[in-house]
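Inspection log for the structure reproduced underneath, given as structure tokens.
Side chains are part of it too, since the values below use all heavy atoms of this structure and drop only hydrogens, waters and symmetry mates. Not measured: the values here are computed from a predicted model. Indexing begins at 1, ligand by ligand and atom by atom, following the structure's order. Counting from 1, the numbers follow the sequence of the chain as shown.
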Amino acid sequence: MPQHKYVYYFGEGHADGNAKMKDILGGKGAGLAEMTNIGVPVPPGFTISAEVCTYYYAHGKTLPRELRGAVRENLARVEKSVGHKFGDPQAPLLVSVRSGARASMPGMMDTILNLGLNDETLKGLAKSANDKRFALDSYRRFIQMYSDIVLGIDRERFEHELVRVRDSLGVESDAEIPAEDLDDLVTTYKKIVRETISKDFPQNVEDQLQDAIRAVFDSWNNQRAITYRKLNAIPDDWGTAVNIQSMVFGNMGDDCATGVAFTRNPSSGEKRFFGEYLPNAQGEDVVAGIRTPLPISKAQKVGDEVSLEEVMPEVYAQLEDVYKKLEAHYRDMQDIEFTIQSGKLYLLQTRTGKRTGFAAVKIACDMVEEGLITQNEAVSRVEAGQIVQLLAPVFDAAEKQKALHSGRLLGRGLPAGPGAAAGRVAFDAERAVAMAKDGPVVLVRIETSPEDIAGMHNAAGILTTRGGLTSHAAVVARGMGRPCIVGAGALRVDYRRGELQSDGHEPLEEGDWLSIDGTTGEVISGRLPTKPSEVIQVGIEGSLNASASEIYRNFDNLLKWADRIRRLVVRTNADTPKDARVARLFGAKGIGLCRTEHMFFAEERILRVREMILARNEAGRREALKELLPYQKADFEAIFRELEGMPVTIRLLDPPLHEFLPHSEAEISVVAKEMNWRYDHLKQKVEQLREVNPMLGHRGCRLGITYPEIYEMQVQAIFEAACSLKAQRVDVRPEVMIPLVGTVRELQIVADMVRRVAGEVKQRHGVDVPVIVGTMIEIPRAALIADKLAVIAEFFSFGTNDLTQMTFGYSRDDAGTFLPEYVDKKILAKDPFDSIDQEGVGELVKQGTKEGKSANPKLKVGVCGEHGGDPDSIRFFRTCGLDYVSCSPYRVPVARLAAAQAELELKHFEG
Ligand code: ADP
Ligand code: MG
Ligand code: MG
């Protein structure tokens with residue numbers, strides 16, 4: 001049997017792995033290997049492959065036998081490289097044991113620093129570093145982390161003691177605690193351990209290492225990691241790698257520091273090195289938001305903060321070289337972690353930086369400009385779903401000025417996630433989830449932690465009073481696209497009283513309205529009204545000039561590049577001229593679904609509709625329909641005008657008639673009065689028309705067959721509108737779509753009627769317009785007889801909402817009661833109403849398209865369900881050979897981008 005390679009070394013300028021090996025080394029391990037290979041200073045270490053994690057879970061949480069030897073071997077290489085031995089009581093080597101999966105899961109899994117310390121090696125470390133305080137600081141950190149992660153002792157118990165010591169000394173930061181007090185603290189910590197697990201803190205360093213490795217594998221399945229994976233669609237079976245790396249120390253004195261940085265601004269995308277650091281600190285201190293970190297550069301500083309550039313100019317210069325090298329090498333914005341030990345710089349992590357939709361678009365466009373990437377790469381880099389952020393409303397500038405002048409500004413923080421959010425204040429994640437059911441919530445915390453993830457997800461905006469732009473809150477909010485402000489230091493959150501306080505203002509309590517501007521960092525009390533984003537102002541309203549908006553220009557460029565690549569046409573689902581116009585301005589090339597029933601609900605018409613439904617006989621129905629005809633005709637004219645020269649697919653009436661009738665007693669009595677009917681009489685009629693399963697009942701083309709006069713009126717309206725516009729030389733292209741077809745005869749009967757009525761209208765007007773008739777494919781049976789339908793229809797449009805509903809047998813309106821649990825239990829990978837079920841429903845789309853096109857090569861095929869705006873579904877539809885997707889107007893830009901990305905992937909795949 002071939003020996004598995006479980007462990008990959010990196011150090012002395014060479015690594016076994018590289019950037020391409022994320023699958024087995026995880027993102028962190030691959031980054032460490034790559035940085036080592038390109039000559040960036042990285043402390044030596046090695047990575048245990050994620051395959052070992054898979055093995056671990058597959059074998060009842062046991063590790064492969066060969067692992068121990070491989071670890072020992074590689075540890076020996078590290079010892080040789082660093083010149084210290086693991087467990088050596090004179091001058092010990094310490095290591096970190098770091099999690100790191102294929103996809104970045106910031107802070108969700110565990111990492112242990114300073115491993116290899118015990119009562120003996122502590123003395124050695126103090127002696128060899130000639131710094132007792134530093135050694136004790138490292139030890140107390142280690143005991144706390146190890147106890148939490150490996151021994152399962154709540155870290156709060158240690159934190160509590162630490163705070164107690166800080167308070168009793170009257171100091172603000174851990175760095176100010178003197179050695180004697182740290183010594184006492186270590187004693188207290190060890191006592192907590194002994195009391196909790198009835199054993200001493202483990203002194204054997206080999207055991208420490210083995211148990212830490214296991215604990216990191218275990219952390220793959222902690223609750224927050226599971227939640228994060230679910231929110232980000234990361235498969236549970238990927239597993240994490242484990243990185244074991246020699247420690248470098250940012251906590252050895254004032255010429256030491258630790259920090260994190262982005263090669264460009266992850267919030268706005270601005271091209272400027274951007275980061276934060278803390279002097280004399282270690283590891284997670286910056287991210288944890290315990291102290292508000294300092295700016296890295298002079299350009300970035302505010303007030304009298306001291307930047308790294310000023311205190312350590314040489315190291316800063318080195319850091320600049322490294323970041324430029326990394327960005328040029330990866331050709332993308334990087335998010336880096338570094339530590340400075342006694343004036344020497346080390347990189348501990350690099351990864352492609354998470355960014356907002358704003359930053360993603362700007363960075364991609366800038367990098368094309370800089371010649372760093374191609375237009376195709378720019379298109380493939382921006383996550384399609386993210387660009388909706390550029391369409392989200394911003395605060396109305398005038399209203400905001402008014403609020404600021406009237407003293408409603410509570411304070412400012414760092415703009416961590418752009419966009420405007422107004423909502424009710426919630427002080428904890430659970431409350432945020434609960435309150436979000438009744439309206440927008442702003443989650444207000446001192447700082448957030450991975451436990452808050454669900455609350456953050458449910459919040460419209462996030463505000464913290466501590467932490468920097470790289471704090472947990474900032475990183476997660478950016479990933480989610482939430483408006484976010486962090487480090488609003490002038491504000492105070494008092495959890496006990498449930499108040500957000502700021503000097504000179506009444507405190508805000510849970511449920512009070514708060515507005516945050518994540519683009520500027522302003523925190524404003526009350527509820528500020530919003531107005532359209534720059535993209536909307538330029539592209540839709542025309543109220544702003546393109547030359548005045550870089551955001552718009554980048555957005556527009558990116559989508560133009562996408563249009564050059566893609567083959568899938570994007571249409572829109574629109575029922576009104578206004579929606580049609582918006583969609584056209586967003587780049588839609590026609591309407592894929594115009595629902596006529598919405599037109600029936602408008603005032604004046606609903607009365608006629610009800611008369612029609614309640615009519616005693618056909619003559620009565622025709623009477624009422626005659627009244628409706630001019631309305632329908634006017635509707636269609638307006639829409640045709642808006643989309644001149646483009647196809648407009650009009651679906652004939654689809655919902656069960658009962659939906660148009662009043663339901664409650666009160667409604668019935670109002671309508672009875674309006675119609676001059678007796679209450680009892682109307683009530684009885686309504687009862688008669690009620691169906692047990694209306695969605696499977698008398699609707700769609702079944703209506704058109706039993707009440708042909710309804711469809712006839714609609715077809716007449718469509719073609720009268722078309723003919724009268726055509727006579728005015730407007731290029732109209734109506735397409736008539738028949739819903740809910742399940743048999744050939746159904747389609748045949750209705751299609752014949754459409755062609756007949758259209759012909760009559762054309763003849764009367766003496767005008768020729770093309771008559772195109774197609775069918776929806778939304779009943780599984782229709783997909784299965786696609787070849788037969790295709791010889792009657794000129795186009796197919798997959799109605800994937802109904803098709804999903806009927807293929808699964810899930811009622812779309814009721815599935816909310818069990819679908820979440822199905823996803824939790826992995827019965828379904830995703831909610832099939834959000835993203836198409838490729839295996840089942842998708843197969844019907846694929847087969848139906850193939851059969852349809854082979855029976856009728858001229859058949860056009862599209863999708864008009866919600867899935868038409870979902871990037872993953874769009875990718876799939878492209879592989880099915882569809883001609884177009886149709887989605888709601890605001891999803892059109894997403895679909896354009898996703899369609900281009902699908903094309904690039906396909907090309908890549910086909911070589
Ligand atoms: P996360 O994935 O949560 O960021 P990391 O494994 O990156 O966890 O580690 C957390 C922190 O510890 C980081 O700030 C990192 O820079 C620091 N750290 C990790 N390993 C070392 C090391 N060998 N020497 C010094 N600092 C380290
Ligand atoms: Mg990290
Ligand atoms: Mg339908």
Side-chain angles (χ1 to χ4, degrees), residues 10-11 25-32 35-36 41-48 75 78 81-82 84 86 92-117 125 134 137-138 141-142 144-146 148-149 209 212-213 215-216 219-220 222 224-225 228 240-252 256-262 275-278 280-290 293 319 334-342 344-354 449-450 468 470-472 474-476:
F10 55 88
L25 300 183
K28 200 178 287 168
L32 289 168
M35 287 197 289
T36 303
V42 171
F46 52 91
T47 304
I48 301 174
L75 196 59
V78 177
S81 170
V82 178
H84 294 298
F86 189 59
L93 165 74
L94 302 190
V95 297
S96 60
V97 180
R98 317 172 62 188
S99 56
R102 204 186 298 188
S104 135
M105 299 170 52
M108 298 299 145
M109 289 180 295
D110 293 327
T111 282
I112 300 168
L113 304 183
N114 309 323
L115 188 135
L117 277 175
L125 182 67
F134 147 72
D137 184 54
S138 305
R141 288 170 186 270
F142 173 54
Q144 177 168 352
M145 276 194 236
Y146 189 93
D148 171 28
I149 294 163
L209 183 58
I213 293 171
V216 170
S219 74
W220 174 253
N222 69 34
R224 45 177 211 260
Y228 187 87
T240 179
V242 180
N243 301 285
I244 296 173
Q245 187 175 26
S246 51
M247 286 298 301
V248 287
F249 301 100
N251 59 333
M252 243 161 94
C256 301
T258 182
V260 289
F262 292 89
E276 290 159 342
Y277 81 104
L278 277 176
N280 199 6
Q282 194 181 38
E284 312 246 73
D285 293 2
V286 175
V287 187
I290 295 164
L319 187 59
Q334 296 294 296
D335 164 357
I336 61 177
E337 294 179 358
F338 64 88
T339 282
I340 298 162
Q341 175 178 329
S342 311
K344 188 164 170 6
L345 174 73
Y346 295 92
L347 268 283
L348 288 163
Q349 192 167 330
T350 189
R351 62 183 165 210
T352 300
K354 283 204 198 306
S449 72
T470 49
S471 64
H472 178 265
V475 171
V476 174

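- At a heavy-atom cutoff of 4.0 Å, ligand 1 is contacted by the side chain of Gln349 but not by its backbone.
- For atom 18 (N) of ligand 1, the closest non-hydrogen atom on the protein side is Leu113 CD2, 3.5 Å.
- For ligand 1, the polar-atom distance check finds an N/O of Gly283 within less than 3.5 Å of one of the ligand's N/O atoms.
- Listed by chain and number, the residues in a salt bridge (Lys or Arg N to Asp or Glu O under 4.0 Å) with Arg141 are Asp137, Asp285 (sequence neighbours excluded).
- Of the N or O atoms in Glu337, one or more lie within a sub-3.5 Å distance of an N or O in ligand 1.
- Of the protein's non-hydrogen atoms, the one nearest atom 20 (N) of ligand 1 is Ser96 OG, 2.9 Å.
- The nearest heavy-atom contact from the protein to atom 26 (N) of ligand 1 is Leu348 CD1, 3.2 Å.
- At a 4.0 Å heavy-atom cut-off, ligand 1 touches Val248 through backbone and side chain alike.
- Using a 4.0 angstrom heavy-atom cutoff, Met108 does not count as in contact with ligand 1.
- Rounding to the nearest 0.5 Å places CG of Leu347 at 9.0 Å from CG of Leu32.
- Considering both main-chain and side-chain atoms, Arg98 comes within under 3.5 Å of ligand 1 through a nitrogen or oxygen pair.
- The shortest N or O to N or O distance between Pro43 and ligand 1 is not below 3.5 Å.
- Protein N/O/S atoms closer than 2.8 Å to the Mg ion (ligand 2): Glu337 OE1, Glu337 OE2, Gln349 OE1.
- When non-hydrogen atoms are compared, ligand 1 lies under 4.0 Å from the side chain of Lys28 (C-beta onward) but not from its backbone.
- Looking at atom 3 (O) of ligand 1, its nearest protein heavy atom turns out to be Glu284 OE1, 3.7 Å.
- Under 4.0 angstrom from ligand 1, there are no non-hydrogen atoms of Val95.
- Atom CD1 of Ile112 sits about 12.5 Å away from atom CZ of Arg98, to the nearest 0.5 Å.
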